Amino acid sequence: MYDPLSIIWFLLFFYLLFAPQMRQQMLFNTRRKVLQKLAEKRGSNVITLIHRQESVGFLGIPIYRYIDIDDSEKVLRAIRSTPKDKPIDLIIHTPGGLVLAATQIARAIHEHPAKTTVIVPHYAMSGGTLIALAADEIIMDPHAVLGPVDPQLMNYPAPSILKVLEKKDVKDIDDQTVIMADIAEKAINQVRDLVFSLLKDKVGDKKAEEIARILTEGKWTHDYPLTYRVVEEFGLNVSTDVPEEVYELMDLYSQPIMQRHPGVEFVPSHGDRGKAGR
């Protein structure tokens, strides 16, 4: 005869172990349907690069994401599988990540023969901005932002490291800082050249050089928000016509269930998506 308490503990353990995976699979299937609907509406291949804190894994432990080599491998595979005459829509929501990975994606987007569009519903900072600059068109929410692309070395902005050499005599600077300054100069030049190569066919050599300099020289802090109006002033092809399906898709990327007291709650007005807000 089975012990009822043992069965209850077994069922509880089973739920804790598999419920997060089951919820995640349901979310995946729903997102796939939204992506298919958006692709049919726009006649494009829709790819996502979305980094949010998903409640996955054992006991719903969140995973923190940024642009990495795994991302670039998958996005490049998706781009390669897209027919040359088919447009690509890349939805980006990211704090940034590895320059190498972002560069790979940006070049692949830039070289795709058909029209490419990067859609930013909330933010695409740093490496995300590099990718956005590669597209033929950028679609941003009216309050979405991009950011500067100045390289970061050991959590320090490369332009700020170079300023140490301007403010102090080299004999008064330790060897490590001098070495970092040398690397910082190389990193800035590399990213500046990349931005120029991505933009010159869109805005011309002179304007591309200006934008590349502004975005890499340390004029702003690395998290400075570049709104669509700033991007528009750069002369890039940008609009705020984000498809409704993109917002619907973002609603399907959950935040950690361990957050007991939501910082934001609201009751949607008539006509808003869904029945509750959080």
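None of these values were measured; they are calculated from a predicted model.
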Novice: So which atom in R107 and which in S197 form the shortest heavy-atom distance, rounded to 0.1 Å?
Specialist: NH1-OG, 4.0 Å
Novice: Could you please spell out the steps behind the side-chain contact (heavy atoms from CB on, under 4.5 Å) verdict for I50 and L249?
Specialist: CA-CA 10 Å; I50 298 175; L249 181 68; 4.2 Å; yes
Novice: Using a 3.5 Å distance criterion without hydrogens, assess whether the side chain of D172 forms a donor-acceptor pair with backbone atoms of K168.
Specialist: no
Novice: I need the L130 CG to L146 CG distance, nearest 0.5 Å.
Specialist: 10.5 Å
Novice: State plainly whether one hydrophobic cluster holds both L98 and I92, where clusters connect Ile, Leu, Val, Met, Phe, Trp and Tyr through side-chain heavy atoms under 4.5 angstrom apart.
Specialist: no
Novice: Which heavy atom of S44 sits nearest to which heavy atom of D89, and what is that distance?
Specialist: OG-OD2, 2.6 Å
Novice: Could you measure the distance from the CG atom of N189 to the NZ atom of K186? Nearest 0.5 Å is fine.
Specialist: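 Between atom CG of N189 and atom NZ of K186 there are 9.5 Å.
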Novice: To check you understand the geometry: which heavy-atom pair defines the closest contact between Y247 and P142, and what is its length?
Specialist: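 In terms of heavy atoms, the two residues are closest at OH-CD, 4.5 Å.
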Novice: Backbone N or O of I173 within a donor-acceptor pair of the T177 side chain at under 3.5 Å?
Specialist: no
Novice: Would a single hydrophobic cluster contain both I79 and L100, if residues Ile, Leu, Val, Met, Phe, Trp and Tyr are joined by side-chain heavy-atom contacts under 4.5 Å?
Specialist: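 Result: no, two separate clusters.
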Novice: Output, in order, the C-alpha distance, side-chain angles, deciding distance and verdict of side-chain contact (heavy atoms from CB on, under 4.5 Å) for L194 and Q190.
Specialist: CA-CA 6 Å; L194 172 62; Q190 289 166 187; over 6 Å; no
Novice: Any heavy-atom pair between the side chains of L38 and V246 that's under 4.5 Å?
Specialist: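 Side chain of V246 against side chain of L38, heavy atoms only: contact under 4.5 Å found.
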Novice: Salt-bridged, E73 to R77, with N to O below 4.0 Å?
Specialist: yes
Novice: Could you walk me through whether K37 and E40 pass the salt bridge (charged side-chain N to carboxylate O under 4.0 Å, His left out) test, one step at a time?
Specialist: CA-CA 5 Å; K37 182 170 67 171; E40 292 174 2; over 6 Å; no
Novice: Atom CG in D251, atom OG1 in T30: separation rounded to 0.5 Å?
Specialist: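 One finds 12.0 Å between CG of D251 and OG1 of T30.
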Novice: If every non-hydrogen atom of T129 is compared with every non-hydrogen atom of G147, which pair is closest and at what distance?
Specialist: OG1-N, 2.9 Å
Novice: Heavy-atom count check: over 12 atoms from other residues, nucleotides or ligands less than 6.0 Å from D175 CG?
Specialist: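 Atom CG in D175 is not packed in, count stays at 12 or less.
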Novice: Are F234 and M125 co-members of a hydrophobic cluster defined by side-chain heavy atoms under 4.5 Å apart?
Specialist: no
Novice: Would you give the length of the straight line joining atom CD of E111 to atom NZ of K84, rounded to the nearest 0.5 angstrom?
Specialist: 10.0 Å
Novice: Indicate whether any N or O donor in one side chain lies under 3.5 Å from an N or O acceptor in the other, for H222 and S126.
Specialist: yes
Novice: Are the side chains of I69 and Q104 in contact, using a 4.5 Å heavy-atom criterion?
Specialist: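 Yes; the side chains approach each other to less than 4.5 Å.
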Novice: So, using ring pair (Phe, Tyr, Trp, His ring centres under 6.0 Å) as the criterion, who are the partners of Y156 when residues are at least two apart?
Specialist: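 In terms of ring pair (Phe, Tyr, Trp, His ring centres under 6.0 Å), with neighbours along the sequence ignored, Y156 is linked to no residue.
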Novice: Determine whether Y123 and H93 satisfy the following criterion, ring pair (Phe, Tyr, Trp, His ring centres under 6.0 Å), listing intermediate values before the conclusion.
Specialist: CA-CA 6 Å; Y123 76 152; H93 175 86; 4.9 Å; yes
Novice: Enter the distance from R192:CZ to D150:CG here, rounded to the nearest 0.5 Å.
Specialist: 10.0 Å
Novice: Should I139 and Y228 count as side-chain neighbours, where that means a heavy-atom distance under 4.5 Å?
Specialist: no
Novice: So, do M140 and V231 sit near enough that their side-chain heavy atoms are less than 4.5 Å apart?
Specialist: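 Yes, side chains in contact.
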Novice: Is there a path of hydrophobic side-chain contacts, each under 4.5 Å between heavy atoms of I/L/V/M/F/W/Y residues, joining L236 to F196?
Specialist: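 No.
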Novice: My understanding is that only one of I91, I109, I105, L90 makes a side-chain contact (heavy atoms from CB on, under 4.5 Å) with I47; could you say which?
Specialist: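 Single pass found, and it is L90.
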Novice: Which heavy atom of K200 sits nearest to which heavy atom of D205, and what is that distance?
Specialist: CB-OD1, 3.6 Å
Novice: Verify side-chain contact (heavy atoms from CB on, under 4.5 Å) between Q176 and M154, making sure each step is shown before the conclusion.
Specialist: CA-CA 12 Å; Q176 182 177 356; M154 297 177 64; 4.0 Å; yes
Novice: Does any part of the side chain of V238, heavy atoms only, come nearer than 4.5 Å to the side chain of E137, both counted from C-beta?
Specialist: no
Novice: Looking at every heavy atom in both A102 and I67, which two are closest together, and how far apart are they?
Specialist: N-CG2, 4.1 Å
Novice: Any chance you could lay out the side-chain contact (heavy atoms from CB on, under 4.5 Å) test for L199 and K207, step after step, and finish with the verdict?
Specialist: CA-CA 8 Å; L199 295 181; K207 188 67 174 179; over 6 Å; no
Novice: Do V230 and E232 come close enough that some side-chain heavy atom pair is under 4.5 Å?
Specialist: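 With C-beta onward as the side chain, the pair stays apart.
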Novice: Is there a path of hydrophobic side-chain contacts, each under 4.5 Å between heavy atoms of I/L/V/M/F/W/Y residues, joining L198 to I88?
Specialist: yes
Novice: Would you give the length of the straight line joining atom CE of M250 to atom CZ of R31, rounded to the nearest 0.5 angstrom?
Specialist: 10.0 Å
Novice: If you measure from the Lys or Arg side-chain nitrogens to the Asp or Glu carboxylate oxygens, is any gap between D136 and K115 under 4.0 Å?
Specialist: no
Novice: With the side chain counted from C-beta on, respond yes when D141 and V120 share a heavy-atom pair under 4.5 Å apart, and no when they do not.
Specialist: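 SC-SC contact between D141 and V120 ruled out.
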Novice: Report yes if the side chains of N237 and K202 come closer than 4.5 Å at any heavy-atom pair, otherwise no.
Specialist: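 Contact flag for N237/K202 side chains = no.
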